[in-house]
2 protein chains.
Amino acid sequence: MADRGSYAKGVVRREEILTAALDVFSREGYRGTSLRDIAKQVGVSLPGLMHYFDSKEHLLTAILQKRDQVDGDAHPADGDFLDGLLAIMRHNRDVPGLVQLYITLAAAAEDPSHPAHSFFIERFAFVRLALAAVVRDRQAAGTARADLDPEHVARVLIAVADGIQIQWALDRTVDMAGDIERLWDAISR
Amino acid sequence: MADRGSYAKGVVRREEILTAALDVFSREGYRGTSLRDIAKQVGVSLPGLMHYFDSKEHLLTAILQKRDQVDGDAHPADGDFLDGLLAIMRHNRDVPGLVQLYITLAAAAEDPSHPAHSFFIERFAFVRLALAAVVRDRQAAGTARADLDPEHVARVLIAVADGIQIQWALDRTVDMAGDIERLWDAISR
DNA sequence: GTCTATAAGTCGATAGAC
DNA sequence: GTCTATCGACTTATAGAC
C-alpha cells in the first residue's frame, strides 16, 4: 500500500528527468555528450541519473521514445498520417540535436543487443503500416495512382525521410518536408 | 631526392594499414571497436597506428574514403552512374560493417569540426551532380519523364539509398537495390 | 621514419555510506 | 533515493630506442 507512493514518486521523477533531458538535447544538440554533462544540465548527479536508467544507451533510447510521444501529441493528425509526418519534419528544423541523436542511434541499433534495437524495429513496422494505409486511402479517394504498391511506397517514404535528415544536418538549406512532398507528387500523379 | 623513397614508403605503409582496416571492418563489422582492437587486427601497435592517422575519427573517415575508391574501381560504370550505384548497393549486402560505419559517421559529421564533415559535403555534392546528369541523359534518351526535376530526383535518390540502408541493417530481408529501382520506375514512367 | 613503453585525462559504470 | 568515491577501459599524447 505505502509502497505505491514511493513507486509513483520514482516514475514521476524519471519522467521529469526524461523531459529535462529531451529539452537539453532539443536546444543544445547531441555531440557525444557525456552522461556527466547530461546529469549536470538536468540537475542530478551522475549516479542519480543512472539510478533511473540502466546505461547511457538506455537513456538515449528513452529520450527518442519520449520524443515520439511528445511529437504525437503536439502534431495530432489534422490530415492523415503522411500529413502528420510532414508536420514533424518541419518541426525537426528546430531540434537538430534530436535529428542527430535519431540517426546515430538508428545506426547503432543494428546490434541486436542494443536497447534501441527492438524500438526501431517496432517503430519502422508501425510507421510502414500507417503510411501504407495512407496510400490505400488516397488510392480509394482517387488522389493517388492505383498501380502504386502501398508497402513499397511506405518503405521508400520512410527511407527518404531518414536520408534527407542526414543531408539537412550537413546543409541546413535542404527543405526536408518540401522534398518529401515533391516526391509524393511525382509518384502519385 | 633520397627523401622521396622514405616518403613514398610512408604512403605505401599508410595504404597497407588502410586496406587492412577496410578489410577488418568489411568482415567483422563496426560496433564501436577500439583503436587497440583495430591496431591488433591490422598488425601494428597502437602508436604505430596513430603515427599515420591523427585520431580515431580521422582513421574512420579515411576508411570510408578508401571504400569509395575501391568501390569505384570494382564497379566501373558498365551502365550510367545510377546503374553503378545500384551495383554498389547490391555489394553492400556483403559488408554490413561498412554500412553501419557510413551511417554512424554521416550522423557525427554534422559537427563542422569533425574530420568527415567536408568529406560528406563533397561526397553528396558529387553524387548529386552525377545523378542529376543521369536524369538529364535519360530524359534526352526518352527513358525518363521530361517534367522531372533532375536536382530534386538526385537528392531524393541519395536520401532513399541512405535511408534504406538503415532499414536493411535492422532487417536483412530488405531489398535495397530493388527498392531503389522500383522507385525509379515509379517516378520515371 | 617507425616502433615500444608508458602515462594523462575522461568516459561509463558501480560500491557503499547516509 | 541520492550522494561521495572509485573502478577499469577508452582515446589521446609523449618520450625515447632503433
Side-chain angles (χ1 to χ4, degrees), chain A residues 1-21 24-25 28-64 100-101 104-105 108-109 111 113-116, chain B residues 1-21 24-25 28-63 101 104-105 108-109 111 113-116:
Chain A
M1 304 283 184
D3 290 340
R4 269 297 192 189
S6 58
Y7 178 73
K9 175 103 181 290
V11 170
V12 168
R13 186 86 183 97
R14 188 190 141 106
E15 286 303 305
E16 285 175 3
I17 292 176
L18 217 41
T19 302
V24 168
F25 277 77
E28 313 234 343
Y30 169 72
R31 331 168 269 277
T33 324
S34 74
L35 281 180
R36 280 175 180 81
D37 282 349
I38 299 173
K40 188 179 297 181
Q41 297 200 264
V42 165
V44 288
S45 67
L46 174 60
L49 186 63
M50 299 209 61
H51 175 73
Y52 293 99
F53 303 94
D54 292 342
S55 71
K56 182 179 189 178
E57 293 172 335
H58 281 90
L59 170 62
L60 298 180
T61 305
I63 290 176
L64 281 190
Q100 188 177 14
L101 175 61
T104 304
L105 229 59
D111 185 345
S113 68
H114 193 289
Chain B
M1 305 282 184
D3 290 340
R4 269 296 194 190
S6 57
Y7 176 72
K9 174 101 182 291
V11 170
V12 169
R13 185 86 183 97
R14 188 189 141 107
E15 287 302 304
E16 284 174 5
I17 292 176
L18 218 41
T19 302
V24 169
F25 277 76
E28 312 235 342
Y30 169 73
R31 331 170 268 278
T33 325
S34 76
L35 281 180
R36 277 178 182 78
D37 283 349
I38 299 173
K40 188 178 297 180
Q41 296 199 263
V42 165
V44 287
S45 67
L46 175 60
L49 187 63
M50 298 209 60
H51 176 73
Y52 295 99
F53 303 94
D54 291 343
S55 71
K56 181 178 188 177
E57 293 173 336
H58 281 89
L59 169 62
L60 298 180
T61 305
I63 290 175
L101 176 61
T104 304
L105 230 57
D111 185 345
S113 68
H114 193 287

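Throughout, a chain's letter reflects where its sequence line sits, starting with A, and its residues are numbered from 1. Model, not experiment: these values are computed from the prediction.
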Task: Between P of C/dT10 and NZ of A/K56, the distance in whole Å - done: 15 Å
- [ ] Please tell me which of B/P47 and A/G43 maps to the more 5' nucleotide of DNA chain D, matching each residue to the nucleotide holding its nearest heavy atom.
- [x] A/G43
TODO: Report the nucleotide, chosen from D/dT2, C/dT14, C/dA13, that has the shortest atom-to-atom distance to any side-chain atom of A/S55.
DONE: C/dA13
- [ ] Heavy atoms only: give me the nearest B/P115-B/E57 pair and the separation to one decimal.
- [x] CD-OE1, 3.5 Å
Task: Spacing between A/D54 atom CG and C/dT14 atom C1', to the nearest angstrom - done: 13 Å
TODO: Measure the distance from CZ on A/R14 to P on D/dT2 and round it to the nearest whole Å.
DONE: 13 Å
Open item on the list: So, under a plain 3.5 Å distance rule, would you say the side chain of A/R36 forms a donor-acceptor pair with the base of C/dG12?
Closed with: yes
Open item on the list: Is there a side-chain contact between A/H51 and the phosphate of D/dT2, meaning an N or O under 4.0 Å from OP1 or OP2?
Closed with: no
TODO: Report the nucleotide, chosen from D/dT12, D/dA5, D/dT2, that has the shortest atom-to-atom distance to any side-chain atom of A/R13.
DONE: D/dT2
Open item on the list: Taking 4.0 Å as the cut-off, does a side-chain nitrogen or oxygen of A/Y52 come that near to OP1 or OP2 on D/dT2?
Closed with: yes
- [ ] Round to the nearest Å and state the distance from A/L49 atom CG to D/dG1 atom P.
- [x] 15 Å
Open item on the list: Does either side chain, that of B/H58 or that of B/S55, offer a donor lying less than 3.5 Å from an acceptor on the other one?
Closed with: yes
TODO: Could you state the atom-to-atom distance from CG of B/L46 to C1' of C/dC3 in whole Å?
DONE: 12 Å
Open item on the list: Can you identify which nucleotide, out of C/dT4, C/dG12, C/dA15, has its nearest atom closest to the A/S34 side chain?
Closed with: C/dG12
Task: Selected nucleotide, minimal atom distance to A/L35 side chain, candidates D/dC10, C/dG12, C/dC3 - done: C/dG12
Open item on the list: Tell me the interatomic distance from B/I38, atom CD1, to D/dT12, atom P, rounded to whole angstroms.
Closed with: 11 Å
Open item on the list: Distance check needed: C/dC11 P versus A/R31 CZ, whole Å only.
Closed with: 13 Å
Open item on the list: Rounded to whole Å, please give me the gap between CE in B/M50 and P in C/dG1.
Closed with: 17 Å
Open item on the list: Would you say A/S45 places a side-chain N or O within less than 4.0 Å of OP1 or OP2 belonging to D/dC3?
Closed with: yes
